[in-house]
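Written below as structure tokens is the structure these notes are about.
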Amino acid sequence: MPAAELRRLLDGVGRDLSAFLVLAAEWVRLHLPDHAEPVIAALARVLDVPANGGTRQAS
């Protein structure tokens with residue numbers, strides 16, 4: 001597999017994980033409001049993505 005194709009695939013995985021974290025953060029805030037920020041931070045660590053994508057406040 002060419003390096004450029006691998007980079008494209010990995011970039012897509014990163015975007016998907018970040019999008020998942022946003023959705024998971026919304027769910028956590030709804031169902032575990034007293035524990036939301038620590039749970040979101042733990043998810044971000046496990047997924048190895050920046051937490052800022054999942055810590056935006058839902059409107």
Side-chain angles (χ1 to χ4, degrees):
M1 173 180 296
E5 178 69 8
L6 179 58
R7 184 75 239 154
R8 187 186 67 76
L9 291 172
L10 291 174
D11 288 344
V13 169
R15 282 189 304 274
D16 289 348
L17 289 173
S18 293
F20 172 78
L21 182 59
V22 169
L23 293 174
E26 292 171 6
W27 185 93
V28 168
R29 285 196 182 91
L30 181 64
H31 295 282
L32 302 169
D34 295 338
H35 306 287
E37 295 313 312
V39 171
I40 294 165
L43 282 171
R45 279 192 308 274
V46 169
L47 296 173
D48 196 23
V49 296
N52 62 354
T55 57
R56 72 169 199 226
Q57 293 297 321
S59 43

Distance in Å, Trp27 CH2 paired with Leu43 CG, rounded so as to fall on 0.5 Å steps: 10.0 Å

From CZ (Arg29) to CG (Asp34), nearest 0.5 Å: 13.0 Å

Remaining members of hydrophobic cluster (4.5 Å side-chain criterion), Leu9: Met1, Leu6, Leu10

Those residues that, when tested against Arg8, pass salt bridge (Lys or Arg N to Asp or Glu O under 4.0 Å) (two or more places apart): Glu5

For Arg7, side-chain hydrogen bond (donor to acceptor under 3.5 Å, both in side chains) partners two or more places apart: Asp11

For Ala25 against Ile40, the heavy-atom pair lying closest together: CB-CD1, 3.7 Å

Among Val28, Leu23, Leu30, side chain to side chain contact (heavy atoms under 4.5 Å, CB included) partner for Glu26: Leu23

Residues in side-chain contact (heavy atoms from CB on, under 4.5 Å) contact with Leu47, at least two apart in sequence or another chain: Leu17, Phe20, Leu21, Val49

